[in-house]
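Side chains included, hydrogens not; waters and symmetry mates left out as well; all remaining heavy atoms used. These numbers were taken from a predicted model, which means no experiment stands behind them.
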Amino acid sequence: MVLPPEIREDLLIHIKGNQISVENDYMSVESGVLLANIVHVAIQNGWQGVEYLSGIPGTVGGAVVGNAGAYGRSISDVVDSVEIWDRGNVRVISKSDCMFSYRDSVFKKEPWIVLRINLKFGSGSRNKLKAVSEEITAQRKNKYKDDLKCPGSFFKNIVIQTLNPIQLKAIDQAKIISGKLPVGYLLESVGAKGMRIGDIAVSDFHANLLINLGKGTYKDVSVLVDLLKQKVKKKFGIRLEEEIRYF
Ligand SMILES: Cc1cc2nc3c(=O)[nH]c(=O)nc-3n(C[C@H](O)[C@H](O)[C@H](O)COP(=O)(O)OP(=O)(O)OC[C@H]3O[C@@H](n4cnc5c(N)ncnc54)[C@H](O)[C@@H]3O)c2cc1C
C-alpha cells in the first residue's frame, strides 16, 4: 500500500493483522485477514452473505477498498462499520460513510488505512452455503488457472442506468445481468480475445482478463488498454473504466 505524498512517497505498508472475533451473527476482523478465511468462518457458522465471494483472492481490507464482489453480491452487503486510521487518529465510520457503490468506496478517495471491519450476517443453512461456495470455487478454479498472471477483471462491468438511449440501442439487451452489462461481451464483440501488445494479452477464454505472458510491461498494458477502449468507444459509444488500480 502506498501512503499519500504528504507522509512519505516511498512508504509501503503490508497489513499483517489477522485476528477474527465472532459474537452472535457479528464478525470483527482485522484488515489483513484473507477474504477466504472470512467466507470459511461465516459458512461454518451458517452465516449468509459472503458465500458468493468464494475464491476471490486478497485480504478483507483490499476487498472493502474496492468493494469486491461477484454474481451481483459485494462485501459491502455485510459491512456494518469500519475502523480506520486517519492521519494519526483512529475512529470507526458507519457503512453509509463508506460510500460503497459498484467496485468503489470512499477508501479509494481518502488516505485512510482500514484497520478493522465489523461484519453482520444473515442466517442460512450451512449445507446450502457450503454447496454454493464449493460450486463457485470449482468454477473459478476452471477460469483462473493457478499460473495465470492476471489482476482479475480488468474493466468494470457497465451499470445499465448509466447508459443513454443510443448506447442502449447499440447493445444486446439479452446480455444484461442484475442491472449490469458484462464488459466481456463488449470486448468480445470488438474482437479483443487474443489481442496482444508485447507480453500482455487479452485471454482467449475471457475478454475482460488481461494476462502477463512473461515479460509484460506497464507500457504494453497501457497501449493495449487504450486500443481496447478506442474499439469499444467506436462500436458502442461506451467509455470503459478500469476496475484495477495503477500504482
Ligand atoms: C485471479 C483473480 C480473480 C479476482 N476476482 C475478483 C472478483 O471476482 N471480484 C472482485 O471484486 N475482485 C477480484 N479480484 C481482484 C482482487 O482480488 C480484489 O481486488 C481484492 O479485493 C484485492 O485485495 P488485496 O488484499 O489483494 O488488496 P491489494 O491488491 O493489496 O490492494 C488493493 C487496493 O486496496 C488498498 N488497500 C488494501 N488494504 C488496505 C487497507 N487495509 N487500508 C487501506 N487501503 C488498503 C491498496 O492500497 C490498493 O489500492 C481478483 C483478482 C485476481 C488476481
Side-chain angles (χ1 to χ4, degrees), residues 1-3 12-15 31-39 50 52-76 100-109 113-114 136-159 177 180-188 190 192-232 238-247:
M1 180 188 306
V2 180
L3 280 181
L12 193 67
I13 296 179
H14 181 199
I15 300 263
S31 57
V33 172
L34 292 178
L35 185 59
N37 294 354
I38 290 173
V39 172
V50 287
Y52 285 89
L53 308 189
S54 302
I56 299 180
T59 65
V60 63
V64 163
V65 169
N67 197 12
Y71 307 95
R73 277 54 172 221
S74 300
I75 187 77
S76 58
F100 287 120
S101 62
Y102 174 61
R103 302 291 171 275
D104 209 353
S105 76
V106 70
F107 306 109
K108 284 191 174 180
K109 302 163 189 84
I113 299 176
V114 175
I136 289 175
T137 308
Q139 282 177 18
R140 292 182 75 99
K141 271 216 161 52
N142 233 355
K143 186 171 158 187
Y144 297 109
K145 300 280 181 275
D146 289 344
D147 58 352
L148 198 68
K149 291 197 190 110
C150 85
S153 302
F154 200 89
F155 296 104
K156 288 185 181 179
N157 293 328
I158 310 296
V159 176
I177 305 169
K180 294 191 195 73
L181 183 70
V183 77
Y185 149 72
L186 295 173
L187 290 162
E188 198 163 337
V190 299
K193 279 185 173 175
M195 276 175 66
R196 177 178 176 169
I197 299 287
D199 253 8
I200 299 291
V202 179
S203 85
D204 52 17
F205 62 90
H206 192 299
N208 194 20
L209 287 185
L210 271 56
I211 51 182
N212 184 347
L213 301 171
K215 296 192 172 57
T217 65
Y218 172 73
K219 181 93 176 98
D220 298 339
V221 171
S222 58
V223 172
L224 182 55
V225 165
D226 284 351
L227 212 50
L228 295 171
K229 285 182 175 179
Q230 281 163 27
K231 281 180 175 286
V232 169
I238 295 174
R239 197 178 60 77
L240 298 185
E241 187 189 336
E242 284 88 334
E243 185 170 319
I244 61 96
R245 301 175 84 185
Y246 300 105
F247 279 95

Nearest 0.5 Å, please: how far is [atom2] in [Y] from [atom1] in [X]?
{"X": "Asn208", "Y": "Ser203", "atom1": "CG", "atom2": "OG", "result": "9.0 Å"}
{"X": "His206", "Y": "Ile211", "atom1": "NE2", "atom2": "CD1", "result": "12.0 Å"}
{"X": "Asp104", "Y": "Lys156", "atom1": "CG", "atom2": "NZ", "result": "4.5 Å"}
{"X": "Tyr102", "Y": "Glu241", "atom1": "OH", "atom2": "CD", "result": "9.5 Å"}
{"X": "Ile38", "Y": "Ile56", "atom1": "CD1", "atom2": "CD1", "result": "11.5 Å"}
{"X": "Leu209", "Y": "Tyr144", "atom1": "CG", "atom2": "OH", "result": "5.0 Å"}

Considering only NZ, NE, NH1 and NH2 on the basic side and carboxylate oxygens on the acidic side, decide whether Arg103 and Glu242 come within less than 4.0 Å.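 Here Arg103 does not pair with Glu242 in a salt bridge, since their nearest N and O are not under 4.0 Å apart.
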
Pairwise side-chain contact, [X] with [Y], heavy-atom cut-off 4.5 Å (strictly under):
{"X": "Leu186", "Y": "Leu240", "answer": "yes"}
{"X": "Thr137", "Y": "Arg140", "answer": "no"}
{"X": "Ile200", "Y": "Ile197", "answer": "no"}
{"X": "Lys145", "Y": "Phe205", "answer": "no"}
{"X": "Tyr185", "Y": "Ile177", "answer": "no"}
{"X": "Phe100", "Y": "Val64", "answer": "yes"}
{"X": "Ile238", "Y": "Ile158", "answer": "yes"}
{"X": "Phe154", "Y": "Leu187", "answer": "no"}

For the pair Tyr218 and Tyr246, name the ring-plane relationship: parallel under 30°, tilted 30 to 60°, perpendicular over 60°. perpendicular

If you look at every heavy atom in Gly184 and Ala207, which pair is closest and at what distance?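 Heavy-atom minimum between the residues: O-CB, 3.6 Å.
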
Crowding at NZ, Lys219 (>12 non-hydrogen neighbours, <6.0 Å): no

As a quick check of understanding, evaluate side chain to side chain contact (heavy atoms under 4.5 Å, CB included) for Asn212 and Asp220, giving each step before the final call. CA-CA 10 Å; Asn212 184 347; Asp220 298 339; over 6 Å; no

Is the backbone N or O of Val223 less than 3.5 Å from a side-chain atom of Asp226, with the two atoms forming a donor-acceptor pair by type?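 Answer holds: no.
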
Keeping the roles fixed (side chain from Ser105, backbone from Asn67), state whether a donor-acceptor pair exists under 3.5 Å.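 Answer holds: no.
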
CA sep, side-chain torsions, deciding dist, call: Ile15, Thr59, side chain to side chain contact (heavy atoms under 4.5 Å, CB included): CA-CA 9 Å; Ile15 300 263; Thr59 65; over 6 Å; no

Give the intermediate values and the outcome of side chain to side chain contact (heavy atoms under 4.5 Å, CB included) for residues Leu210 and Leu228. CA-CA 11 Å; Leu210 271 56; Leu228 295 171; 4.2 Å; yes

For Arg196, enumerate each residue passing the salt bridge (charged side-chain N to carboxylate O under 4.0 Å, His left out) test, keeping only those at least two apart in sequence or located in another chain.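 Here the qualifying residues are Asp199.
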
